[in-house]
Structure formats: structure tokens, C-alpha cells
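To start, the structure under review is shown below, and the notes come after it.
Computed over heavy atoms, backbone and side chain alike; hydrogens, waters and symmetry mates excluded. When a ligand or atom number is given, it counts from 1 through the structure's own listing order.
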Amino acid sequence: MTGSTSPRDAWGTRAGFILAAVGSAVGLGNMWRFAYKASEGGGAAFVLVYLAIVALVGIPLMTSEFIIGRLAQESPARAVRRLGGPAWAPLGWLFVLCGLGILAYYSVIAGWTMRYAIDAIRNAIPSDTGAYFGEVSQGVDAALYHLVFMILTITVVAGGVKGGLERANLIMMPLMFLILISLAIWAVTLPNGAGGYAYYLRPDVSKLLDRDILTAAAGQSFFSLSLGMGALMTYASYLQSKENLAREAVTVALSDFGVAFTSGLVVFPVIFSFGLLDQVGESTVGALFIALPAGFDQLGRAGDYVDTAFFVMLLFAALTSAISLLEVVVAALVDGLHMRRRDAAIFAGFVIAVLGLPAAFNTTFLGNLDALVGQFLLMVGGLFTAFLVGYRLLPAADAELAKGMPNAGMRRVWASLVRYVAPVVLIIVLAFLTGPTWDAVVGLVTYAR
Ligand code: PHE
């Protein structure tokens, strides 16, 4: 609790916190980007590089975010300034900017997902999924579904930490896991599915040292683990108990990886079994929104159930992530400007809904926004978080971690990863990404003109 008059929101249970953190991490990024990047980037070789980055950079940074959150007991936007000093205020603004920027386009993709889920239930997804996706993904319809999804997100966040976030995760996450596991078991029964597994995971070791694999794995890990923008920091700021934060980070990261990996075990057998590899094409969304429903379509009746299950699962995953994105902005308004939670949720949600409109009318804009905010800026946020915790706040952070993790040796390993390994990896990756990011910025500006 802070010193303010009204008690601060808090999780009802420790499990509620973990589930919500997993809910934030597991999202659209797991279901399509991971499998796609893996198949493109050397299969099992990509998975190895990805896991190495998660262990060396992702988990230490997630632990750092948890530490700052629990230590500060207030929104990240204010916390970094109060703990680090005025020079750190821009990091807080960057977090809020990332929350706004990512949710703006994330909600558009979630809107497509909602449209697919509803049409799947109504049995109205046509066989020509390419043309259907073309209609769904850009234009007035895309904008409307984006707005509806934002209203859902606002409603959950307005309900508060315990009554909104925790409850929504408690309902949606178990259902999501159940559907995913059922789908993965079902996928085993597909004829020729084995070719899909082989395609997904064939180890292409020649790619191990490829710099594109490194940047793809780093970008994917940040986005997928919800790192670099204070989302998990915000969630940890509603914690008061003394759990082992490093262990919680491992739990969240492994669950996130498990879901991403398992999604690939659904997506690729379907695509392979029905010979749809050419439809995956260049675009990362192709696999999910075009090839997959085309495969389900060929299954006749059974396919109707399967595609409903799949898109409902995706919608749940998207919603539990979207609420964590909005919560970063809302927490900043509640703690910083003393707005009421409900008003803050409506106001921030409205701003984001408007910001997302260009992405709803133009998927190139959407992709560029993702490249700039969802990849580059997240890693910038992560880099400075590592500097803040590793160099400016280390004694306090270490003491906070020690509350649940008495083992000093383990804490030294964590500190070294945050001080040396994470910054080096992030600086290298950011350097590789400057060219593509610049192109994305130019793309964004040209659309605006
Ligand atoms: N981790 C979410 C996903 O994989 C996206 C996200 C990014 C959520 C950053 C919160 C913060 O879909």
C-alpha cells in the first residue's frame, strides 16, 4: 500500500498474479509469430537460439521488472523517476508510449481474430480464405471490430485489478490452455501431419550463427514475454507478498514458451496435411489467417468445430494480453494524475482506439508500427531497464530480490546477466535493427502525409 488515502489495488492471490503475467505474455505473438519465425529461421536451430536469449536476457530482465514493480508499489511511469531520479523520467514515458503504440495495432489484429471467431461460430468463413482475409483485414469492418475489441479491453481494465484483470485471466486462461492442448492432440491424427512437424523443426544448423536469426529471436522474445515496456512491472506493483521473483519469472517464461511451441505443433501439421504451404507465403499473418482456415475448411463438419475452437482460443489469448497493455497506461494515469480507474480506462482506451484507426485501414502501416514499437522500442526499453537496475539501483534491487531468494550466489548470477550480458546482446541487436527500423519510420510518416 502507498501512503495515499485510498488503498492501492492488489491481486487477490499469488496464483492470480502468475496467471495474469502468463496471460500477458501468451498472446497473438505466441500463436503465429513464433511458429512462423521458427519455420523460417532454421527450425530447431531457431528454437535453440530463442531459448538461449530467453535464459540469458529475457528471464533476468523479467525478474528486474518484477523487482522494480514490487519495490515501488506504483506505476512504472512514476516508479522509474522516483527510484532512478529525474533523468530516468523519459524511460517512464517510453513505457507509456509503447503501451499506446502496441495496443493500437494489436487491437486491430485482435479485431480480425474476433471477426474470425464470430464467423466460425456462425459457420460463415468462406472457402476462399485469401479473399476473405483481404476483406476482413483492412477497411471499415476492420476498424469496427478493432473498436469493439477496445471496448472489451476497457471494460475488463475498468473492473480493477482483482475484479477485472484477475477474474478475466482466471476464466480465460484455463480455457485457452484446454483448447490448445486438445488441438495439439487432434493435430497428431491428421494424415501427413508428420511432414508438418519435420518442416517446423528441421534443424538447420547453418543458420545458428546467422545474424537475422539472432535479431528475430531477440525481437520475438521481447514481444512474446511482454518485456521492455513496464507491463509486467505494473503487474508486480500490485504484489505485496514476498515470493521468489526469479522463480516466478522462470514460470512465466517457460509457460510462454510452452504455448508458443505447442501452437506450432497445431499450425504446421494442418498446413502440411492439406498442402497449403504456398499460402503461408511471405506474410507472417498468412499462416494463421489464410492457410489455417483453408485447412479447416477441407475437413468438413469437424473443421467447423476446430476453427471455432482455434479462433476463440486466439481471442482469449489476445484479450489477456491487451488488458496488460492498457493497464500500463491506466496505472500511469491513476497513480500520476490521480484519475479514477474507470475514467482512466475509458480515456486511454479511446485514445488508443483512435491511434489504431490508420492500422485498421492499412496493413502496411500496421506492420511498420509493429517494427518500430513492437520490436525496436521494446528492446530500447529493455536496455535502459537493465541499466537502471544493474547500475543505478543494484543494492536496493538485490535486497528486494533477496526477500524471496536468499541464495546470494544465484542473485550474483542474475546481477551479472542484467549488468553485462543483456546490455551487450541488446546493443548488438539494436545496431542490426537500425536500418529496417528507419525504413519503418519512413513508411509510417509517408502514410501520414
Ligand atoms: N506478449 C504479448 C503477445 O505475445 C504481447 C505483449 C507485448 C503484451 C508487450 C504486453 C506487452 O502477444
Original post:
Under 4.0 Å from any heavy atom of Leu28, which atoms of ligand 1 are there?
Top reply: 12 (O)
Original post:
Tell me the ring pair (Phe, Tyr, Trp, His ring centres under 6.0 Å) pairs involving residues 166-188, sequence neighbours left out?
Top reply: none
Original post:
Does Phe222 have a heavy atom less than 4.0 Å from any atom of ligand 1?
Top reply: no
Original post:
What about the rings of Phe66 and Phe17, do their centers lie closer together than 6.0 Å?
Top reply: yes
Subject >> Evaluation steps, salt bridge (Lys or Arg N to Asp or Glu O under 4.0 Å), between Asp9 and Lys162 >> reply: CA-CA 7 Å; Asp9 265 327; Lys162 196 161 164 245; over 6 Å; no
Original post:
Hey, what's the ring geometry for Tyr238 with Trp11, parallel, tilted or perpendicular (30° and 60° as the breaks)?
Top reply: perpendicular
Subject >> Numbered atoms of ligand 1 (with element) below 4.0 Å of Ser321, judged on heavy atoms >> reply: 2 (C)
Original post:
Is the centre of the Tyr199 ring less than 6.0 Å from the centre of the Phe272 ring?
Top reply: yes
Subject >> is_close_aromatic(Trp112, Phe289), centroid dist under 6.0 Å >> reply: yes
Subject >> ligand 1 contact on Tyr106 by region, counting heavy-atom pairs under 4.0 Å >> reply: side chain
Original post:
With atoms numbered from 1 as shown, which atoms in ligand 1 lie under 4.0 angstrom from a non-hydrogen atom of Leu325?
Top reply: 8 (C), 9 (C), 10 (C), 11 (C)
Subject >> Option of least heavy-atom distance to atom 3 (C) of ligand 1 (set: Ala110, Ser226, Ala25) >> reply: Ala25
Subject >> For Gly29, the ligand 1 atoms whose distance to one of its heavy atoms is below 4.0 Å >> reply: 3 (C), 4 (O), 12 (O)
Original post:
Taking only heavy atoms of Ser324, which atoms of ligand 1 are found under 4.0 Å from at least one of them?
Top reply: 10 (C)
**OP:** Write out the residue and atom name of the closest protein heavy atom to atom 2 (C) of ligand 1, then the distance separating them to 0.1 Å.
**Re:** Ser24 O, 3.3 Å
Original post:
Considering only heavy atoms of Ser224, which atoms of ligand 1 have at least one such atom less than 4.0 Å away?
Top reply: 1 (N), 4 (O)
Subject >> Polar side chain donor-acceptor pair, Glu327 to Ser24, under 3.5 angstrom >> reply: no
Subject >> Closest non-hydrogen atom pair between Ser137 and Thr363, with its separation >> reply: O-CG2, 4.0 Å
Original post:
Against heavy atoms of Met229, which atoms of ligand 1 measure under 4.0 Å?
Top reply: 9 (C), 11 (C)
Original post:
Starting from atom 7 (C) of ligand 1, which protein heavy atom do you reach first, and at what distance in Å?
Top reply: Phe223 O, 3.4 Å
